[in-house]
Amino acid sequence: MGVIVAKRKSKPVQSNSRTPIVITLLIAALLNYALYSRALFNAGLPSFDGPILLASVLTLLLGLAFSVHYIHLGQKPAVWPLLLIWLIPLTVAVSWFGAVSRHGAFMSVIMHVVYALLFVFGYVVMRSETYRRYAVLTVMFSGHVVVLFGFVNWLGLNIYTDAVNAFSGEYRLMSVFQYANTYGAFLIALALASLYLLIHSGSRFVRFVSAAMLPLILISLVLTLSRGAWLAFPVLFVFVLLFIKPSRQVLFLLYAIAAGIPALAVLGLAYRCGIEQQSAFTFGRFFLGAGLLIIASAVSAVIGHLISRYVEPGLAKWAERESKRTASLWLPLGSVAAAAGLGFLFLKTNLVTLLPDNIAQRVSGINFAQHSVLERFSFYADALRISRDYPVLGAGGGAWNVLYEQYQSYPYLSTQVHSFALQHLVETGWIGMLVLIAIFALILVHDMVRTFRSGTDETFVFFILAVSLVAHSLIDFNFSYMVVGAIVYFSLGVLAQRLPQWTFRREQSTVNLYSWGMFAVILTVLFASITAYNGHLYYVKTSELMSGGQATDRELTAAANRTIQRSKQFAHFQNYFEIETFLYDQTGNPDHLDGIRQAVAYMEKYEPERRATFVSRYLLYLKEGNQSEAVRFLLDGTDKYPWDLEIYTEAFYQLFNLGVLQPSHWDQALALFEKMKAKMVQIEQLPSYMVQSKDFRITDDIATIVGKIHYLKQDYASAYETILRYLNPQPGFSADEPESIRTFLGL
């Protein structure tokens with residue numbers, strides 16, 4: 001392959017065929033399917049894997065057809081951005097070889113191949129203004145439907161699980177994402193894109209719809225109760241203003257005010273109406289809430305029309321006299337001052353009392369010392385600790401979910417890092433992280449510089465979408481939703497059209513090699529995805545057989561084996577383990593014990609670091625009657641999983657029982673108790689923002705076992721002290737009454 005030696009003038013690269021239109025329509029259909037499949041959240045569970053695999057299969061089939069179209073495309077754009085984007089799935093694929101979760105890494109590879117393919121679609125297909133306009137309308141229309149769908153659930157028609165969720169006594173609007181913070185990021189992107197369409201689109205209909213939907217988007221943003229999104233919105237609002245000419249900045253701000261006023265006017269009633277509907281649904285309140293939202297939309301649309309008709313012409317004359325680009329800074333700086341002033345009024349005065357109670361409490365709680373902000377730094381520190389052990393290539397897709405319990409600095413539950421950047425670092429190492437940063441920065445920074453020089457055009461919507469979602473993802477796990485990644489990569493593909501059209505010395509040879517290479521990669525990943533989806537369907541059938549209770553032993557084991565042969569998802573191994581364990585407990589047949597061993601062997605081969613693998617190995621030791629090895633394994637587990645209460649509790653039970661025959665095990669139990677007491681001291685010394693969300697404490701069961709051990713070792717004073725401290729501060733007897741102690745402990 002030759003080196004890049006020349007720059008050619010960028011020309012529209014189009015085809016006379018209808019392929020681009022077909023691809024656009026199919027992408028639109030896939031986007032809407034994906035949104036209502038929980039936005040394709042990558043949770044690492046079978047119920048979430050199914051929709052992801054199906055969407056990937058459909059997208060890869062589309063990609064296969066596209067690759068054939070691309071091979072026969074006469075005039076092709078510069079190939080170097082297409083080569084560059086595949087470095088990201090390449091680094092993800094390389095991390096698969098040392099992955100702690102083979103299935104998680106497999107899913108990550110599939111997702112990133114789909115992302116790269118969507119980038120290719122955006123770069124190659126969307127090369128005309130018409131197609132780009134269709135793409136914008138597709139994203140915006142889909143987003144608007146998601147917003148309306150969220151309100152349908154907010155007003156009491158709960159037709160989608162967790163579209164509205166009661167979390168810590170607060171109702172939060174989540175729509176299809178089932179997670180308020182990611183929905184908030186999505187709404188920020190929609191709001192800013194809508195505002196830009198209001199000042200840029202030449203279609204009256206698009207501007208009318210954008211103006212009408214904007215107050216609903218803003219109300220939805222408030223109802224998410226996402227403080228991170230609330231803080232990110234004004235920052236991104238000002239950032240977008242920097243790229244717009246001063247006359248358009250004024251319009252941008254006026255349209256925002258035109259939507260904000262009616263949104264704020266109906267917010268309180270709409271909020272209370274939704275809360276009441278969640279408790280007891282009535283059609284009267286439903287229509288009242290819907291009417292309020294319609295009124296807010298109508299008022300915004302009318303004001304928007306008036307601005308367009310009477311204000312824009314005057315500003316257009318001003319625009320003709322604009323000469324100094326630095327003038328664009330005055331309104332953003334003013335907006336910063338206004339936002340700071342408004343924030344001060346809400347946070348430091350009684351103005352916040354005008355808001356509904358829960359919203360007022362959330363606003364009052366906005367500060368960088370709140371626990372939800374500071375505890376993220378604990379996650380980030382633990383992610384960096386994992387990265388130190390997997391620095392170069394990372395630990396593979398899904399690594400945080402598998403490893404975090406081994407690295408956590410205190411007992412918490414968080415299967416996501418809450419930072420897309422650090423999660424990618426854990427999964428792909430510094431090589432993958434640097435590749436991702438370099439590619440994203442190259443495209444976005446180049447587009448920023450070009451926009452500053454030449455002004456905005458229709459592609460600026462894609463810049464808004466990409467920047468909004470990426471920026472918020474730095475403080476949350478939005479990219480765990482495949483839909484978010486898909487929108488970002490597609491947008492980057494469109495923006496990459498503006499990159500320099502450098503060519504290779506042997507450009508045609510490189511293009512041909514790329515064309516057939518892309519075809520081969522897509523075909524390979526498509527085959528793997530179909531196989532995995534087939535395995536998922538077998539898993540569903542096996543689960544139905546288990547729950548039905550009518551299947552024979554042979555049918556159950558055969559179904560579980562078929563599932564494993566087609567897919568190496570960890571849940572499939574667990575299914576197999578549970579089936580063989582159930583049948584062994586029922587029949588005592590040693591063949592089923594061999595089946596348990598085989599299931600554990602699969603787990604240890606493909607997911608050796610997963611906690612469930614540890615538990616399965618322990619249970620196998622018990623089935624085999626190897627008590628001493630089981631206890632040794634548990635004690636090792638208290639080091640590997642330092643904050644796992646279940647492992648500690650099981651270790652105490654086993655050590656107590658074994659100590660009846662071999663008292664040295666009681667000494668091990670007392671040593672373990674001292675270790676646990678030291679950890680309790682660590683918890684007591686935690687800063688206030690480190691909220692313990694995972695149960696870890698000296699329970700009554702553990703204290704009772706320790707008290708019994710002290711008593712049986714005839715250390716009555718220690719037994720009494722244990723009762724006094726952990727079981728009953730006023731037991732009703734003294735330390736020199738052994739029989740009372742014995743009775744209390746149930747000996």
Side-chain angles (χ1 to χ4, degrees), residues 17-71 85-86 88-89 92-93 103 106-126 131 134-135 137-139 141-143 145-146 176-177 397 479-494 518-541 566-567 569:
S17 72
R18 296 181 179 178
T19 302
I21 298 175
V22 173
I23 289 176
T24 304
L25 292 174
L26 290 175
I27 289 176
L30 282 169
L31 174 62
N32 284 280
Y33 160 76
L35 281 167
Y36 297 92
S37 297
R38 295 178 286 199
L40 301 184
F41 180 53
N42 183 27
L45 300 173
S47 60
F48 290 87
D49 280 353
I52 292 176
L53 289 169
L54 179 57
S56 298
V57 167
L58 295 174
T59 306
L60 290 164
L61 283 170
L62 176 61
L64 205 61
F66 166 77
S67 63
V68 174
H69 166 75
Y70 180 77
I71 289 170
I85 196 62
W86 286 98
I88 296 177
V92 174
H103 180 74
F106 171 77
M107 293 295 293
S108 187
V109 170
I110 289 176
M111 290 171 63
H112 282 84
V113 168
V114 170
Y115 291 159
L117 189 54
L118 289 168
F119 178 95
V120 173
F121 288 159
Y123 180 71
V124 176
V125 178
M126 301 296 149
Y131 294 148
Y134 290 161
L137 294 179
T138 296
V139 174
F141 173 77
S142 300
V145 175
V146 167
V176 298
F177 292 91
F479 271 73
S480 291
Y481 290 85
M482 196 173 175
V483 164
V484 172
I487 293 173
V488 169
Y489 275 84
F490 182 81
S491 298
L492 291 175
V494 176
M518 181 175 65
F519 181 86
V521 168
I522 293 173
L523 187 62
T524 302
V525 177
L526 174 61
F527 177 77
S529 301
I530 291 173
T531 303
Y533 186 65
N534 191 29
H536 170 75
L537 295 179
Y538 272 106
Y539 170 83
V540 173
K541 291 179 181 178
R566 287 163 174 79
S567 178
Q569 220 280 27

*Asks:* Do Tyr539 and Arg566 have side chains that approach each other closer than 4.5 Å (heavy atoms only, starting at C-beta)?
*Replies:*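 No, side chains not in contact.
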
*Asks:* If I compare all heavy atoms of Val109 with all of Ala93, which pair ends up nearest, and what's the gap?
*Replies:*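 Result for this residue pair: CG2-CA, 3.7 Å.
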
*Asks:* Hey, does Gln569 have a side-chain heavy atom less than 4.5 Å from the side chain of Pro46?
*Replies:*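 Yes, at least one pair of side-chain atoms sits under 4.5 Å.
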
*Asks:* Between CG of Asn42 and CE of Met107, what distance do you get to the nearest 0.5 Å?
*Replies:*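 Here the rounded value is 5.5 Å.
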
*Asks:* Which is it for Met518 and Tyr70 under the side chain to side chain contact (heavy atoms under 4.5 Å, CB included) test, yes or no, and what are the steps along the way?
*Replies:* CA-CA 10 Å; Met518 181 175 65; Tyr70 180 77; 4.1 Å; yes

*Asks:* Give the minimum heavy-atom separation between Ile110 and Ser529, together with the two atoms involved.
*Replies:*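 Nearest heavy atoms, Ile110 then Ser529: CD1-OG, 3.4 Å.
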
*Asks:* Which class fits the ring pair Phe66 and His69: parallel under 30°, tilted 30 to 60°, perpendicular over 60°?
*Replies:*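 Tilted: the ring planes of Phe66 and His69 meet at 30° to 60°.
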
*Asks:* What's the separation between atom OG in Ser480 and atom CE in Met111, rounded to the nearest 0.5 Å?
*Replies:*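 Rounded to the nearest 0.5 Å, the OG-CE separation comes out at 7.0 Å.
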
*Asks:* Looking only at heavy atoms, which two atoms of Phe106 and Ala532 are closest? And how far apart?
*Replies:*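 The pair with the smallest heavy-atom distance is CE2-CB, 3.6 Å.
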
*Asks:* Distance from Leu62 atom CG to Ile522 atom CD1, nearest 0.5 Å?
*Replies:*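 That separation rounds to 9.0 Å.
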
*Asks:* Of all the heavy-atom pairs spanning Ala55 and Tyr33, show the shortest one and how long it is.
*Replies:*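 Closest pair (atom of Ala55, atom of Tyr33, distance): CB-CE2, 3.8 Å.
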
*Asks:* Could you measure the distance from the OH atom of Tyr134 to the CE atom of Met126? Nearest 0.5 Å is fine.
*Replies:*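 Spacing of OH (Tyr134) from CE (Met126) equals 11.0 Å.
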
*Asks:* Looking at Ser56 and Met482, what are the two nearest heavy atoms and their distance?
*Replies:*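 Result for this residue pair: OG-CE, 3.6 Å.
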
*Asks:* Let me know which of Leu31, Val488, Leu30 forms a side chain to side chain contact (heavy atoms under 4.5 Å, CB included) with Val483.
*Replies:*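 Per the side chain to side chain contact (heavy atoms under 4.5 Å, CB included) rule, the option paired with Val483 is Leu31, out of Leu31, Val488, Leu30.
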
*Asks:* Is atom CZ of Phe48 surrounded by more than 12 heavy atoms (other residues, nucleotides or ligands) closer than 6.0 Å?
*Replies:*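 Yes, enclosed.
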
*Asks:* How many angstroms lie between CD1 in Ile27 and CG in Leu117, if you round to the nearest 0.5 Å?
*Replies:*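 Answer for the CD1-CG pair, Ile27 versus Leu117, is 8.0 Å.
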
*Asks:* In Å and rounded to the nearest 0.5 Å, what is the CG to CD1 distance from Leu492 to Ile487?
*Replies:*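 Rounded to the nearest 0.5 Å, the CG-CD1 separation comes to 12.0 Å.
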
*Asks:* Which is it for Leu40 and Ser37 under the side chain to side chain contact (heavy atoms under 4.5 Å, CB included) test, yes or no, and what are the steps along the way?
*Replies:* CA-CA 6 Å; Leu40 301 184; Ser37 297; 4.0 Å; yes

*Asks:* What residue among Tyr36, Phe41, Tyr481 forms ring pair (Phe, Tyr, Trp, His ring centres under 6.0 Å) with Phe177?
*Replies:*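 The passing option is Tyr481.
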
*Asks:* Walk me through whether Phe119 and Ile88 qualify under side chain to side chain contact (heavy atoms under 4.5 Å, CB included).
*Replies:* CA-CA 11 Å; Phe119 178 95; Ile88 296 177; over 6 Å; no

*Asks:* Identify the heavy atoms of Leu118 and Phe490 that sit nearest to each other, and give their distance.
*Replies:*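 For Leu118 versus Phe490, the nearest heavy atoms are O-CD1, 3.5 Å.
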
*Asks:* Could you go step by step and tell me if Val114 and Val525 meet the side chain to side chain contact (heavy atoms under 4.5 Å, CB included) rule?
*Replies:* CA-CA 9 Å; Val114 170; Val525 177; over 6 Å; no

*Asks:* Taking atom CZ as the centre, does Phe141 end up with more than 12 heavy-atom neighbours from other residues, nucleotides or ligands that are less than 6.0 angstrom away?
*Replies:*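 No.
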
